[in-house]
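Step one of this worksheet: look at the structure below.
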Amino acid sequence: MDQFRVLVIEGHAEESACLRQLLESFAEGGEGLRPVKFNVFGDVEAALTEYAALRPDVVIFGPQAAMDATADDLQRLRARAGVEPVPILCVMSESQSITSASLQSGCDDILLKPYNPSLIRLKLAALQRFCNFGRSLLAQRNRIRRHHADLLQEQASARQIFSNLGHESCLGQTEAIRYHLSPRAVLAGDVLAAAYGPGGKLMLLLGDFTGHGLAAAVGAVPLTSIFYSMVPKGFSLGHIVRELNTKLHNVLPADMFCCAVMLEFDPHKRHIRLFNAGMPSVCLRRGSGELRLLESRHLPLGVLDQASVDEAIIHIPVEDGDYLYLWSDGIHEARNLRGDLFGEERLMELLGTQVPEGRYFDRILSSVSRFSADQHDDLSLVEVALDDAAPWRGNGWVLEDGPAKRTPRLGDWSIHFTLGPEELRDADPLPLLHSVLAQVPGAGSFLDPLTIVLGELFRNALEHGLLGLDSNLKKTDHGFAEYYRQLNCGRRQLREGWIRITLRCRDRGGRGLLEVVVEDSGGGLPRQLFTGNAYSGRGLPLLRAICRKVQLEPGSSRVRAVLNWGEAAVPRKKTGTTAARQG
């Protein structure tokens with residue numbers, strides 16, 4: 001059994017012998033007391049010299065030493081003990097003033113003389129329990145420290161994993177996106193991802209997982225990995241959301257899900273598609289100052305095994321000077337000292353007030369910071385300047401000048417595929433095309449312009465050739481939404497028809513020629529396709545700006561476009577550089 005170590009300080013020989021005799025009677029322990037081992041020193045200096053080697057459980061000042069002891073002596077003994085609880089007792093006679101002596105010396109307890117062995121045994125047993133309890137607390141503290149150090153290491157590893165997963169992110173490459181994530185956002189459940197797809201479409205995802213800690217961080221891994229793997233392949237917003245929902249439903253526990261908002265911005269068509277699943281309403285701030293809230297229309301991802309995505313996607317035309325604001329519920333739920341929530345109303349007041357251009361982001365963050373007494377939840381805010389959200393920098397669409405860049409030999413080849421009604425109900429030809437062209441050396445030299453051209457021709461064939469939709473519906477905001485409602489409804493009800501796509505490549509010594517032919521089984525392109533308004537009619541000018549030749553006529557169900565990638569170009573800005581903007 002471990003011994004109960006006692007350090008005695010007493011220089012008077014008779015008093016020292018008396019204490020020795022008393023403590024020797026406890027050497028065997030018993031009655032709840034461990035065997036007592038003691039060492040006696042004549043003064044404080046000698047005790048301090050041997051203190052580290054003895055590591056006492058209790059220190060006793062004899063009667064004479066207690067009268068000479070100072071508060072500084074006791075403080076030095078406590079400093080030598082460190083954080084361990086080592087009680088200091090002083091021996092006093094019954095004739096002394098207990099209160100004044102205790103205050104003067106600062107000891108923890110006293111022993112009265114003449115000694116009562118039974119009472120002293122009882123007191124030593126109580127002090128033993130006290131020391132055991134104190135050391136158990138210290139051991140628990142040390143375990144907590146080790147666990148905390150392990151947690152910090154895990155957090156650092158989680159941040160490194162997210163950094164590696166986001167190597168295709170465009171957040172550090174464009175001035176159009178400003179964002180703020182709270183320092184603990186990675187483990188608090190918030191996640192932000194953004195990337196450009198083929199043809200220059202911007203895809204952005206802001207998610208908020210239930211819970212905190214590593215569980216939330218681990219849940220964000222499949223979210224970001226799927227996002228960054230599907231966006232570069234040209235998958236549409238609907239396909240990505242369905243894949244995310246299925247994956248999260250399969251891997252997350254039943255009590256965990258992910259609120260998310262995802263947007264797809266087409267800078268050519270000036271059009272946003274937005275999907276909100278359980279996140280706070282997104283705010284579209286028009287250049288005119290008008291505010292439009294885009295509320296959630298779907299359950300959070302991972303709740304159901306099937307997601308009704310098409311009905312929940314909002315289609316919005318973009319105007320000059322438009323900004324988009326996304327945030328997590330940490331902003332709404334920020335509280336002041338009285339417990340009041342910051343709320344959506346205060347946020348709308350900030351966005352509705354005229355401030356210098358580009359200052360809304362900073363104003364929101366500073367207002368929430370001043371309002372909030374203590375930010376208990378994760379806080380995320382994203383601002384997207386839609387005028388600058390294209391991957392290029394510029395004001396117009398121009399063909400690149402100068403000699404064509406040398407490209408690897410592509411050879412002569414052709415691809416033909418036909419989509420029937422089953423495929424057309426949920427068709428997305430771009431990922432299939434990218435998977436095929438990935439095997440062709442040098443195909444990257446025309447993927448962006450080809451994506452734009454093929455996407456435009458496919459949409460025209462589906463929307464106007466097969467479904468017979470009228471572009472004149474897009475003259476107003478309401479008509480714009482109605483147009484896409486009819487498109488989704490028409491695709492779901494499609495039972496016959498086909499679209500055939502043919503690609504032919506001809507190598508011309510580094511100045512390859514690519515022919516794209518799209519045919520459909522419909523009645524031909526309507527005449528209103530060739531007229532435009534504020535929200536439609538951008539497709540043909542875009543095609544003619546990119547292609548060497550475009551052949552299409554009203555009433556025809558066949559369209560032919562020719563790209564010479566030695567001269568073809570996508571819209572670019574003539575000057576300027578980009579840099580990341582992080583709040």
Side-chain angles (χ1 to χ4, degrees), residues 162 177-194 204-220 223-224 227 241 244-245 248 252-253 255-263 274-285 291-304 307 312 314 323-352 360-384 582-583:
F162 274 92
I177 303 174
R178 298 188 68 185
Y179 64 96
H180 170 85
L181 298 178
S182 61
R184 54 181 179 174
V186 170
L187 295 182
D190 280 13
V191 58
L192 176 64
L204 186 143
L205 170 69
L206 177 63
D208 184 2
F209 281 85
T210 55
H212 296 80
L214 287 180
V218 169
L223 191 79
T224 53
F227 179 88
V241 168
L244 290 174
N245 182 78
L248 293 180
L252 295 181
D255 60 344
M256 190 173 178
F257 53 82
C258 177
C259 298
V261 58
M262 183 171 174
L263 68 91
L274 186 137
F275 175 82
N276 191 342
M279 288 287 283
S281 297
V282 175
C283 182
L284 174 64
R285 190 183 193 280
L291 300 180
R292 180 179 175 185
L293 286 177
L294 310 172
E295 69 282 354
S296 170
R297 297 189 175 188
H298 198 276
L299 290 173
L301 300 180
V303 175
L304 303 176
I314 305 171
Y323 280 76
L324 205 62
Y325 292 89
L326 306 84
W327 54 82
S328 67
D329 56 8
I331 290 184
H332 285 177
E333 297 174 1
R335 294 179 182 270
N336 60 15
L337 292 174
R338 294 179 308 211
D340 300 328
L341 295 175
F342 188 81
E344 187 178 272
E345 183 177 348
R346 286 187 175 88
L347 195 53
M348 292 301 99
E349 289 178 359
L350 291 174
L351 291 172
Y360 288 99
F361 180 86
D362 298 323
R363 188 179 184 194
I364 292 172
L365 286 181
S366 61
S367 297
V368 174
S369 177
R370 289 194 304 269
F371 180 89
S372 176
D374 183 18
Q375 188 62 49
H376 293 287
D377 200 359
D378 37 304
L379 187 154
S380 300
L381 175 67
V382 182
E383 176 191 75
V384 184
Q582 178 173 356

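Heavy-atom basis, side chains included; hydrogens, waters and symmetry copies ignored.
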Does any N or O in the side chain of [X] come within less than 3.5 Å of the main-chain N or O of [Y], such that one atom is a donor and the other an acceptor?
X: Asn245; Y: Gly302; value: yes
X: Ser366; Y: Asp362; value: yes
X: Ser281; Y: Leu293; value: no
X: Ser372; Y: Val368; value: no
X: Arg346; Y: Leu341; value: yes
X: Arg285; Y: Leu324; value: no

Any side-chain heavy-atom pair of Val382 and Val384 under 4.5 Å: yes

Can you tell if the side chain of Val191 reaches within under 4.5 Å of the side chain of Leu206, non-hydrogen atoms only? no

Rounded to the nearest 0.5 Å, how far apart are [atom1] of [X] and [atom2] of [Y]?
X: Leu347; Y: Ser367; atom1: CG; atom2: OG; value: 9.0 Å
X: His180; Y: Asp190; atom1: NE2; atom2: CG; value: 10.0 Å
X: Met256; Y: Leu248; atom1: CE; atom2: CG; value: 9.0 Å
X: Asp208; Y: Met279; atom1: CG; atom2: CE; value: 5.5 Å
X: Leu304; Y: His298; atom1: CG; atom2: NE2; value: 7.0 Å
X: Asn276; Y: Ile314; atom1: CG; atom2: CD1; value: 7.0 Å

Tell me the closest heavy-atom pair linking [X] and [Y], and the distance in Å.
X: Cys258; Y: Leu223; answer: SG-CD2, 4.3 Å
X: Leu252; Y: Phe257; answer: CD1-CA, 3.9 Å
X: Met348; Y: Leu291; answer: O-CD1, 3.7 Å
X: Ser328; Y: Pro280; answer: C-CG, 3.9 Å
X: Pro300; Y: Gly278; answer: CG-CA, 4.4 Å
X: Asp255; Y: Thr210; answer: O-OG1, 3.9 Å

Ring centres of Phe342 and His332 under 6.0 Å apart? no

Test side-chain contact (heavy atoms from CB on, under 4.5 Å) applied to Cys283 and Trp327, step by step: CA-CA 9 Å; Cys283 182; Trp327 54 82; 3.7 Å; yes

Starting from the C-alpha separation in whole Å, work towards a yes-or-no answer on salt bridge (charged side-chain N to carboxylate O under 4.0 Å, His left out) for Arg297 and Glu295. CA-CA 6 Å; Arg297 297 189 175 188; Glu295 69 282 354; 3.7 Å; yes

Report the C-alpha distance between Leu351 and Tyr325 in whole Å, list the side-chain angles of each, state the deciding distance to 0.1 Å, and finish with yes or no for side-chain contact (heavy atoms from CB on, under 4.5 Å). CA-CA 9 Å; Leu351 291 172; Tyr325 292 89; 3.9 Å; yes

Residues Phe275, Leu301; criterion side-chain contact (heavy atoms from CB on, under 4.5 Å); working and verdict: CA-CA 11 Å; Phe275 175 82; Leu301 300 180; 4.0 Å; yes

Audit row: Leu284, Leu274, side-chain contact (heavy atoms from CB on, under 4.5 Å) steps and yes/no: CA-CA 11 Å; Leu284 174 64; Leu274 186 137; over 6 Å; no

